Amino acid sequence: MQHESKIEAMGLTMQQKVLITITSVAVPAVVVLLFYVKIDGYDLSFLPAVYATINGLTAISLIAALVAIRNQNRKLHERLMKLSIAFSLLFLLGYVLYHMTSATTVFGDVDHDGVLSADEKLAVGSSRVVYLFLLASHIFLSVGIIPMVLVTYVRGITRRFVDHKKIGKITWPIWLYIAVTGVIIYLMISPYYI
């Protein structure tokens with residue numbers, strides 16, 4: 001009984017919490033597993049530019065959604081947030097498809113041999129540290145944002161606006177950071193794609 005009251009205090013039903021938990025664990029697990037699946041014979045080398053663009057569109061829709069809610073246009077805000085979720089799902093699909101069909105690209109690997117030589121490492125200098133920091137924070141936050149987006153979304157569509165706003169103030173900037181760093185990461189590594 002006490003457990004149920006904690007869930008209700010979160011503004012979620014038991015079923016919603018279970019679905020959010022399963023999704024939050026399953027999505028990253030499936031992505032990791034799919035990295036071990038390699039499919040040859042498909043040239044999807046165009047996908048990084050596509051999913052970087054989708055990240056950019058996600059950032060734009062998130063900003064537009066914030067403007068909409070600040071202008072008290074809940075319907076437009078809701079549509080833009082659903083669009084942001086759709087963009088994020090499209091990004092994930094493109095990302096997985098690309099990595100299932102392509103070799104890993106190493107930042108600074110000018111000769112495309114998959115190994116960063118001492119000369120290549122020296123040539124990229126501190127930009128590699130910046131790239132790796134952005135990449136690590138992007139990936140780490142991408143895993144954590146899944147339950148946050150789902151909880152925020154459920155609170156919004158169930159009209160629990162006070163709770164929605166509380167978590168939305170945390171979810172939104174993290175999600176925006178992920179979207180923007182996705183574009184920056186692509187721009188930084190794109191010269192090293194084969």
Side-chain angles (χ1 to χ4, degrees), residues 16-65 79-110 112-116 127-128 130-154 157 170-194:
Q16 290 167 338
K17 184 171 183 186
V18 167
L19 284 172
I20 289 169
T21 301
I22 289 170
T23 303
S24 299
V25 171
V27 170
V30 168
V31 170
V32 168
L33 288 174
L34 289 175
F35 268 88
Y36 295 100
V37 174
K38 289 296 178 191
I39 301 172
D40 294 326
Y42 295 95
D43 180 12
L44 300 180
S45 58
F46 64 93
L47 279 178
V50 171
Y51 60 70
T53 301
I54 292 169
N55 266 328
L57 293 171
T58 303
I60 292 167
S61 65
L62 286 169
I63 293 167
R79 287 181 185 142
L80 289 165
M81 293 312 298
K82 286 178 180 177
L83 182 62
S84 297
I85 291 170
F87 282 144
S88 293
L89 291 172
L90 283 173
F91 162 82
L92 184 61
L93 177 64
Y95 180 82
V96 168
L97 286 174
Y98 174 75
H99 286 283
M100 286 176 60
T101 59
S102 306
T104 301
T105 302
V106 178
F107 183 83
D109 183 18
V110 176
H112 307 291
D113 67 354
V115 177
L116 192 65
S127 66
R128 181 166 170 78
V130 172
Y131 171 80
L132 291 174
F133 171 79
L134 290 174
L135 181 63
S137 64
H138 176 86
I139 292 170
F140 177 76
L141 291 171
S142 293
V143 172
I145 201 68
I146 297 169
M148 294 176 73
V149 166
L150 295 174
V151 169
T152 306
Y153 178 74
V154 167
I157 63 168
I170 300 166
T171 303
W172 186 88
I174 295 170
W175 195 357
L176 183 65
Y177 175 86
I178 293 165
V180 170
T181 56
V183 175
I184 294 168
I185 289 164
Y186 167 74
L187 293 173
M188 290 182 78
I189 199 164
S190 62
Y192 308 108
Y193 284 121
I194 297 174

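All figures in this text were calculated on a predicted structure; none of them were measured in a lab.
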* Please check if the side chain of T23 supplies one atom and the backbone of I20 the other of a donor-acceptor pair under 3.5 Å. => no

* To do: Enter the distance from T21:OG1 to I146:CD1 here, rounded to the nearest 0.5 Å.
  => 12.0 Å

* Structure fact -> In terms of heavy-atom contacts, S142 and I178 come closest through OG-CG2, 3.4 Å

* Would a distance-only check, ignoring hydrogens and angles, find a side-chain to backbone donor-acceptor pair under 3.5 Å from H112 to Y192? -> yes

* L93 CG to S88 OG distance, which is reported to the nearest 0.5 Å -> 12.5 Å

* Asked: What is the minimum heavy-atom distance between S45 and P48, and which atoms define it?
  -> O-CD, 3.3 Å

* Residue Y36 excluded, over 12 heavy atoms near OH under 6.0 Å -> no

* Structure fact -> CG (L90) and CG (L57) are apart, to the nearest 0.5 Å, by 10.0 Å

* Quick one: closest heavy-atom pair of V143 and P28, and the distance? => CG1-CG, 4.0 Å

* Is any side-chain heavy atom of L134 closer than 4.5 Å to a side-chain heavy atom of Y177? -> yes

* To do: Taking the side chain as every heavy atom from C-beta outward, state whether T105 and Y98 have any atom pair closer than 4.5 Å.
  => yes

* Asked: Between CG of L92 and CG of L97, what distance do you get to the nearest 0.5 Å?
  -> 9.5 Å

* Asked: Which value, rounded to the nearest 0.5 Å, describes the distance between T53 atom OG1 and L47 atom CG?
  -> 11.0 Å

* **side-chain contact (heavy atoms from CB on, under 4.5 Å) between W172 and I63, intermediate numbers included** => CA-CA 9 Å; W172 186 88; I63 293 167; 4.1 Å; yes

* To do: Please report the closest heavy-atom contact between D109 and G114, naming both atoms and the distance.
  => OD2-N, 2.6 Å

* **Neighbour count >12 (heavy atoms, 6.0 Å) for atom CZ, F133** => no

* Do M148 and I170 have side chains that get closer than 4.5 Å, going by heavy atoms? -> yes

* To do: Taking all non-hydrogen atoms of both residues into account, name the closest pair between I145 and T171 and its distance.
  => CD1-O, 3.6 Å

* **Side chain to side chain, R128 and L116, heavy atoms closer than 4.5 Å** => yes

* **Side chain to side chain, F107 and M188, heavy atoms closer than 4.5 Å** => yes

* **Donor-acceptor side-chain pairing of W175 and T152 below 3.5 angstrom** => no

* **Main-chain N/O of S102 paired with K38 side-chain donor or acceptor, under 3.5 Å** => yes

* Structure fact -> Closest heavy-atom pair, L135 versus I185, reported as atoms and distance to 0.1 Å, is CA-CD1, 3.6 Å

* Is the shortest heavy-atom distance from the side chain of N55 to the side chain of Y186 under 4.5 Å? -> no

* Classify the ring geometry between Y51 and Y95 as parallel (under 30°), tilted (30 to 60°) or perpendicular (over 60°). => perpendicular

* Interatomic spacing from CG in L83 to CZ in F87 - rounded to 0.5 Å -> 4.0 Å

